[in-house]
Structure formats: structure tokens, C-alpha cells
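Read through the structure below, which is laid out as C-alpha cells, and then see the notes.
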Amino acid sequence: MSGYVLIVDDNDDAREIMALILAHAGYMTSQARDGAEALASARARPPAAILMDIFMPIMDGLTATQHLRRDCALQSIPVIAQTAQPAALDNDRQLFFAILQKPSNPQDLLKTLSRALAASR
């Protein structure tokens, strides 16, 4: 078991694909469809890391990550942003452990996640 990861994306297929990739690599996962669900899930069971889509309905990934960073119990969780438009985060890069462009190469995703988990120990 390599750790518990919260996958946040409004696209059902994208969440399922990431969950399969992570499960194959030994990670336990849970899923959320938007930033509001992600915050509720993280408060109920803090993950070791979060894979966060940025553009979602209800609450976007940037807003959700800003809330995480203000929560003493959750602020140290590494958040890896995943977006088709990484330049949209240029002013907010410090909120994220890393920013991956979608679609992410599975090997890059796993390497980045491994680095995030090692850095947070």
C-alpha cells in the first residue's frame, strides 16, 4: 500500500482512469466530482495527496485548494493540479506541489505523486 489519494475531477471517465492507474500502482483512492465534494471528503478522511482538476462546476480546483491551504488540519496535504490550461495557474503555482497538463502521462503522474508523498513525510 503506497498511500491514500483523493481524485477530484468532474469527468467520470477521467476519475475512473486515474483510479485504475493508481490502484495498479498500489494506491487506495476515493473520488470527488468537484471542489466542494473534495473538501468534504478531505475533512472526513484526510488523504496523503490530492489530484485536483482545476476547471469544475460547483467549486473549481483553485478555490478548493485555497480552502485547503487555510485549513490547519489539511494545509500540508500535497495537491497536484491537473489542467488542460496550466498557464491559468501562473499566479497561483505556490498553492500546488505540481501542475500537470491534461491528459497526463501515467508515468509522469505516478512519478509526481511519489515525489509529493515523499516530500510530505
Item to check | Asp71 vs Arg43, side-chain contact (heavy atoms from CB on, under 4.5 Å): CA-CA, chis, key distance, verdict | outcome: CA-CA 9 Å; Asp71 187 320; Arg43 288 179 178 132; 3.3 Å; yes
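- If you chain together hydrophobic residues whose side chains sit under 4.5 Å apart, Met56 and Leu100 never meet in one group.
- Closest approach of Ala48 and Pro78 over heavy atoms only: O-CD, 3.2 Å.
- Contact check on Asp53 versus Arg15 returns no salt bridge, with no Lys/Arg side-chain nitrogen under 4.0 Å from an Asp/Glu carboxylate oxygen.
- Val8 and Ile54 fall within a single hydrophobic cluster, where Ile, Leu, Val, Met, Phe, Trp and Tyr side chains are chained together by heavy-atom contacts under 4.5 Å.
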Next on the checklist: Show, in sequence, the C-alpha distance, side-chain angles and deciding distance for Gln66 and Leu95, and conclude whether the side-chain contact (heavy atoms from CB on, under 4.5 Å) test is met.
Outcome noted: CA-CA 7 Å; Gln66 290 168 337; Leu95 293 173; 3.7 Å; yes
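- Residue Ser41 comes nearest to Leu6 through the heavy atom pair OG-CD1, 3.7 Å, listed as atom of the first residue, atom of the second, then distance.
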Checklist entry - Step by step, would you call Asp60 with Asp34 a side-chain contact (heavy atoms from CB on, under 4.5 Å)? => result CA-CA 7 Å; Asp60 64 50; Asp34 59 61; over 6 Å; no
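- Looking at Ile80 and Ile99, their side chains never come closer than 4.5 Å, going by heavy atoms from C-beta outward.
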Checklist entry - Would Gln82 and Leu109 satisfy side-chain contact (heavy atoms from CB on, under 4.5 Å), going step by step from the backbone distance to the final call? => result CA-CA 10 Å; Gln82 293 191 295; Leu109 174 66; 3.6 Å; yes
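- Listed here is the closest heavy atom pair of Asp9 and Asn11: OD1-N, 2.8 Å.
- Look at Arg33 and Asp12 and you find no salt bridge, because none of the NZ, NE, NH1 or NH2 atoms lies under 4.0 Å from a carboxylate O.
- For the atom pair Ile21 CD1 and Thr29 OG1, the distance stands at 11.0 Å (nearest 0.5 Å).
- Residues Phe55 and Asp10 share a closest heavy-atom pair of O-OD1, 3.6 Å.
- The OG1 atom of Thr83 sits 8.0 Å away from atom CD of Gln101, with the distance rounded to the nearest 0.5 Å.
- Closest approach of Phe96 and Ala81 over heavy atoms only: CD2-CB, 3.6 Å.
- Under the 3.5 Å distance criterion, with hydrogens and angles disregarded, a donor-acceptor pair is assigned to the side chains of Gln31 and Glu16.
- In this structure, Arg45 forms a cation-pi arrangement with Tyr4, its terminal cationic atom sitting closer than 6.0 Å to the ring centre and no more than 45° off the ring axis.
- No donor-acceptor distance shorter than 3.5 angstrom exists from the side chain of Thr63 to the backbone of Met59, with no hydrogens or angles considered.
- Between the OG1 atom of Thr65 and the CG atom of Asp92 there is a distance of 9.5 Å, given to the nearest 0.5 Å.
- In this structure, Leu89 is not a member of the same hydrophobic cluster as Phe97, with clusters built from ILVMFWY side-chain heavy atoms closer than 4.5 Å.
- For the atom pair NZ (Lys111) and OG (Ser104), the distance works out to 13.0 Å, reported to the nearest 0.5 Å.
- Residues Met52 and Leu62 are members of one and the same hydrophobic cluster, defined by side-chain heavy-atom contacts under 4.5 angstrom among Ile, Leu, Val, Met, Phe, Trp and Tyr.
- Closest non-hydrogen pair, Ala49 versus Leu117, comes out as CB-CD2, 3.8 Å.
- Here the straight-line distance linking atom CG of Leu20 with atom CD1 of Ile7 works out to 9.0 Å at 0.5 Å rounding.
- For the side chain to side chain contact (heavy atoms under 4.5 Å, CB included) criterion with Pro47, the lone passing option out of Val79, Val5, Ile77 is Ile77.
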